[in-house]
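Here is the structure we will look at.
Below, read A as the first sequence line, B as the second, and so on, with proteins coming before strands; counting in each chain starts at 1. Because only heavy atoms are used, hydrogens play no part in the values below, and waters and symmetry mates are left out as well, while side chains stay in. On a predicted model such as this, the values are computed, not experimentally measured, just so you know.
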2 protein chains.
Amino acid sequence: MKKSEIINKRSLEDQAADLLRQDITNGDLTPGTRLIETALAKEYGLSRGTIRIALHQLGSEGLVTQVPYAGWSVSSLDDQDIWELYTLRATLEGMAARLAAGKICDQGISRLQLSFQRLLALCQGDDLQAITRADLDLHRTIIDLSGHKRLAQQYRLVENQFLAYIAAANRTFDPHLVGKSHQALVTAICNGDGELAEEEAVKNITGFEQLQEELTLHS
Amino acid sequence: MKKSEIINKRSLEDQAADLLRQDITNGDLTPGTRLIETALAKEYGLSRGTIRIALHQLGSEGLVTQVPYAGWSVSSLDDQDIWELYTLRATLEGMAARLAAGKICDQGISRLQLSFQRLLALCQGDDLQAITRADLDLHRTIIDLSGHKRLAQQYRLVENQFLAYIAAANRTFDPHLVGKSHQALVTAICNGDGELAEEEAVKNITGFEQLQEELTLHS
DNA sequence: TTGATACAATTGTCGATCAATCTGACAACT
DNA sequence: AGTTGTCAGATTGATCGACAATTGTATCAA
């Protein structure tokens, strides 16, 4: 553990962006909410210029939208956007799973199994939020094991937008399905079978897409 | 063609970022070049704050790197970075080719063929720069035909870093190979064969990767 | 060689200021 | 009724000047 990661050296710009990002992905700021630079500056105790850079940052991440001279607002997503997030996420996760399987090592297997076991344990209960966090942690572990910085970065963009959408939509799911659906993926990676791992990762996400479709048919 | 796209309403921040981006991807600014906020502000006739936002933008695109309190510089790439760009680009282009094949229409076929023919024609000569531009245009057309905004956006990030690297490395290639290697990809998309199109797109890029490896073996 | 110090360069951050543009409300006109 | 003009308020676009924080470098002493 590096000391440099403990000591707070992050610029205020980044910290402001972090706080806002968290509020959006948590669902505290719902899509459509207006964000006023001066108001945020006063609220965070920072200058307008600092807030401005943070908002531009979030804008490039797709979390907030800017209308020139009119203002910023939390991005809202239409059906096309949701489709884009699902398909892109599937492709990126598939790639990560293939790479991770190709360079898996003992330590990697441990990390993966640990994360997976935690998820399985939580799936016995019904704390949906905790399950979601564990689910995300598992996926992030796979991305991490791929050892691909840019892939991780692009995945984070998709994931954050995805989170903002999920949090706002307030959807529910069956805890039992979540745990099982990851079994094949985890074992494929641990076995070093890249092709199968990629296939399972994609199946994992598009499976949820189908589930999503069924649910929306009712409305 | 929307009139709103003709009238110049772009903010100075964006325009400054565009200019810098172009200089970097063109190779006018080589990796490692230091960028000083005050100097740029004076050079562009803009205030420091405006330049600052442009630099932050380019930073999130991976084109420039920031060392706190020390300065900005044009990003340099090591072997790992190059590998990341190749693999990520292959995956994204593969996805785009698959999607494009799945929704190909007559107009799309026309656009694709036109772009491809232009590339073929240029490959008879030896204007390497023109060939590169035509090559990029063909790839961008495929990305466009996928109808996936986020995919296009993420691809652009990879492409720009790629361009900066290529421009700095000043590599050469055989004009004849470039034209032929795209034939299978184009026909696969026009035939609506998504699986094949994805495969060919990936093969297209990783083929260049192998070529790259051979070249680096000499050094 | 090492360490301490001083100094210059550069970014980090702030605050104030004015211009440009969007928004909404309301009046005027057809 | 529906369109157009006008006005005031809100918000961003952009500039400037100032100072603090940090890094990098050169210098000198032990």
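Rounded to a whole Å, the CD atom of B:Glu13 is 8 Å from the C1' atom of D:dA14. In this structure, A:His56 places its NE2 atom 10 Å from P of D:dT12, rounding to the nearest Å. Remark: P of C:dT10 and NZ of B:Lys42 are 12 Å apart, rounded to the nearest angstrom. Straight-line distance from the CG atom of B:Leu40 to the C1' atom of C:dT11: 13 Å, rounded to whole Å. Between A:Leu12 atom CG and D:dA20 atom C1' there is a gap of 12 Å when expressed in whole angstrom units. Atoms CD1 (B:Ile53) and P (D:dG13) sit 8 Å apart, rounded to a whole Å. In this structure, the CD1 atom of A:Ile51 is 14 Å from the C1' atom of C:dG12, given to the nearest Å. Atom C1' of nucleotide C:dA8 and atom CZ of B:Arg34 are separated by 12 Å, given to the nearest angstrom.
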Check step by step if salt bridge (Lys or Arg N to Asp or Glu O under 4.0 Å) holds for B:Arg140 and B:Asp137. CA-CA 5 Å; B:Arg140 236 195 304 259; B:Asp137 180 65; 5.3 Å; no
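Residue-to-nucleotide contacts include a donor-acceptor pair under 3.5 Å from the side chain of B:Arg48 to the base of C:dG12.
Backbone-only contact: B:Leu35 has heavy atoms under 4.0 Å from sugar-phosphate atoms and none from a base. Heavy atoms of B:Gly49 sit nowhere under 4.0 angstrom from any nucleic acid atom.
Minimum atom distance to the side chain of B:Glu37 is reached by C:dG12, of the listed D:dA14, C:dG12, C:dC14. For A:Ala70, taking side-chain heavy atoms from C-beta onward, the closest of the listed nucleotides D:dT15, D:dT12, C:dC22 is C:dC22.
Taking CD from A:Glu84 and CD from B:Gln154, the interatomic distance works out to 10.0 Å, rounded to the nearest 0.5 Å.
Side-chain N/O atoms of B:Thr50 include one lying less than 4.0 angstrom from OP1 or OP2 on D:dT15. The phosphate of C:dG12 has OP1 or OP2 within less than 4.0 Å of a side-chain N or O from B:Arg52. The phosphate of C:dG12 (OP1 or OP2) has a side-chain N or O of B:Gln66 nearer than 4.0 angstrom.
Annotation: cation-pi pair A:Arg89/A:Tyr155 absent, no NZ/CZ under 6.0 Å from the ring centroid and within 45° of its normal.
Applying the 6.0 Å contact sphere to CG of B:Asp174 captures more than 12 heavy atoms from other residues, nucleotides or ligands.
Across the interface with DNA chain C, nearest-nucleotide mapping of A:Tyr69 and A:Leu46 shows A:Leu46 to be the residue nearer the 5′ end. With DNA chain C read from its 5' end, the first of the two nearest nucleotides for B:Trp72 and A:Pro68 is the one closest to B:Trp72.
A:Ser60 and B:Ser60 make their closest contact through OG-OG, 3.7 Å (heavy atoms, listed as atom of the first residue, atom of the second, distance).
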